[in-house]
2 protein chains.
Amino acid sequence: MLNSEARQRVLDVAERLFAERGFRAVTLKDIAGEVGIRHASLYHHFPRGKEQMFIEVTERNMHRHRAGIESAIAAYGDVRGQLKAVAGWLLSQPPIDLIRMTHSDMPAIDATEAWRLSELAAETMIEPIHTLLQSGQARGEIEHGDLGVIAGGVLGMIGSLHSVPEDIFTYNNVPVDRAAMAHTLIDVMLDGLIKRE
Amino acid sequence: MLNSEARQRVLDVAERLFAERGFRAVTLKDIAGEVGIRHASLYHHFPRGKEQMFIEVTERNMHRHRAGIESAIAAYGDVRGQLKAVAGWLLSQPPIDLIRMTHSDMPAIDATEAWRLSELAAETMIEPIHTLLQSGQARGEIEHGDLGVIAGGVLGMIGSLHSVPEDIFTYNNVPVDRAAMAHTLIDVMLDGLIKRE
DNA sequence: GTCTATACGCAGATAGAC
DNA sequence: GTCTATCTGCGTATAGAC
């Protein structure tokens, strides 16, 4: 059985840990420990070891993100609603740290695989948002040219909210609400900070 | 001599490597190798080992960033110029990955130190931009309330540009220019994507 | 599919010579 | 200030029993 129940449990744990800490910072014992087996048993499911796990897990993660992002977009008809829905999805998932992927995870694995995964990440994360913006432009909702760059910027902006610690209080004693922050940022992106007459 | 020439060379290398790869992914041999000494010699300068190096190096990095950001701001009188200057500074430096700091670096060191460094990072990176925006608001340049959140968003947006690979060409055969991308994003942030009549 | 046992190398750290 | 030598523990990986 190529995708047994046990194998799935391993993938689930590994996906979360790799997403949170990155390739190098996760050990096989961490994964095995959370699954509830010995680390040597992982080699039964992934004979080529940690790197194989990371690659499979990253692919699975990307496919799930693509589905999540696209269904968020499909639920709304306007750019504002769509962007906020995408933000809601992204904040419901473990962080995807593209900086770490580029500078730390990818250099640690086989170069060909690294290139392929980087491409996959770009297609998964940026392309749907880019398309969303282009459709909005076609409908006359928004103007401006560099929608590819802007898609990346939106993504970075939303993703950075993962670094604000949750379930604590800010210095104003206001509880942190990442979704509300995302809405604020998207509104600014759409309406601009400069006063309109 | 507390801050000898040799110690500074170690700090320089360590600062770059920790900034690029994070605490766990950097080994003492990596650092010693680039300095040109044996890893055991590092303990002469940093008796408490890797964690001491990381803490000192992070503090130094933050102090340099605060100076760089503040002098960028001081060079301009308007929000648009100031934000672009800050972006220029940030893109001239090794990436500061706040997501990785939060989810990977900080959990790996002493909790008290981790908390202190997280505070320092927030003060260094967010506070000057927050202040910049408040001044712009006071001058009547911009409107809107949640300037703290917006400062964080700008930072995340600019920082994410560190994950676009440089010295390659995009799929359009257009060379990557991070500074130009940053300017595009800042203009969008100020003017908004929505058409103005 | 999971286990125990084991090999091997690497990372962090210490002692003491020069 | 830097070295060599050495210790200890951990992380990856393999072999083979159950």
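A, B, ... follow the sequence lines: proteins, then strands. Residue 1 opens every chain.
Between B:Glu119 and B:Arg116 there is no salt bridge, since no side-chain N of the basic residue sits under 4.0 Å from a carboxylate O of the acidic one.
For the pair B:Phe46 CZ and C:dT14 C1', the interatomic distance rounds to 18 Å; values are reported in whole Å. The distance from atom CD of A:Glu51 to atom C1' of D:dG11 is 15 Å, rounded to the nearest whole Å. Between the CG atom of A:Leu42 and the P atom of C:dT4 there is a distance of 14 Å, given to the nearest Å. What separates CE of A:Met53 from C1' of D:dG11 is a distance of 14 Å, to the nearest Å. Atoms NZ (A:Lys29) and P (C:dA11) sit 16 Å apart, rounded to a whole Å. The distance from atom CZ of B:Arg7 to atom P of D:dT2 is 12 Å, rounded to the nearest whole Å. Distance NE2 (A:His45) to C1' (D:dA13): 16 Å, rounded to an integer number of Å. At whole-Å resolution of the value, CZ in A:Phe54 and P in D:dG11 are 18 Å apart.
Checked against D:dG1, D:dC3, C:dG12, the side chain of B:Tyr43 finds its nearest nucleotide in C:dG12. Nearest nucleotide to the side chain of A:Leu28, out of C:dT2, D:dA13, D:dG1: D:dA13. If you check D:dT2, C:dG1, C:dC3 against the side chain of A:Ile37, the one that comes closest is C:dC3. The side chain of A:Arg38 approaches C:dC3 more closely than any other nucleotide in the set D:dT2, C:dT2, C:dC3. Comparing atom distances between the A:Ser4 side chain and each of C:dG1, D:dT12, C:dT4 picks out C:dG1 as nearest. Nearest to the side-chain atoms of B:Ala40 among the listed nucleotides C:dA15, D:dT2, C:dG1 stands C:dA15. Listed nucleotides: D:dT14, D:dC3, C:dG1. Nearest to the side chain of B:Ser41: D:dC3.
Note: B:Glu34 CD to B:Leu17 CG = 4.5 Å, rounded to the nearest 0.5 Å.
Counting any heavy atom pair closer than 4.0 Å across all strands shown, A:Arg24 reaches no nucleic acid atom. Residue B:Val26 is in sugar-phosphate contact alone, with no base atom involved, counting any heavy-atom pair closer than 4.0 Å across all strands shown. Using a 4.0 Å heavy-atom cutoff across all strands shown, A:Arg48 reaches no nucleic acid atom at all.
Side chain of A:His63 to backbone of A:Glu59: a donor-acceptor contact under 3.5 angstrom is found. Checked by atom type and distance alone, the side chain of A:Glu141 pairs as donor or acceptor with a backbone atom of A:Val79 at under 3.5 Å.
At a cut-off of 3.5 angstrom, counting only N and O atoms as typed in the model, there is a donor on one side and an acceptor on the other between the side-chain of A:His39 and the base of D:dA13.
Proximity of B:His45 to B:Ser4: side-chain heavy atoms (C-beta onward) are separated by under 4.5 Å at one or more points.
Applying the 4.0 Å criterion to OP1 and OP2 of C:dG1, one finds that A:His44 has a side-chain N or O inside that range.
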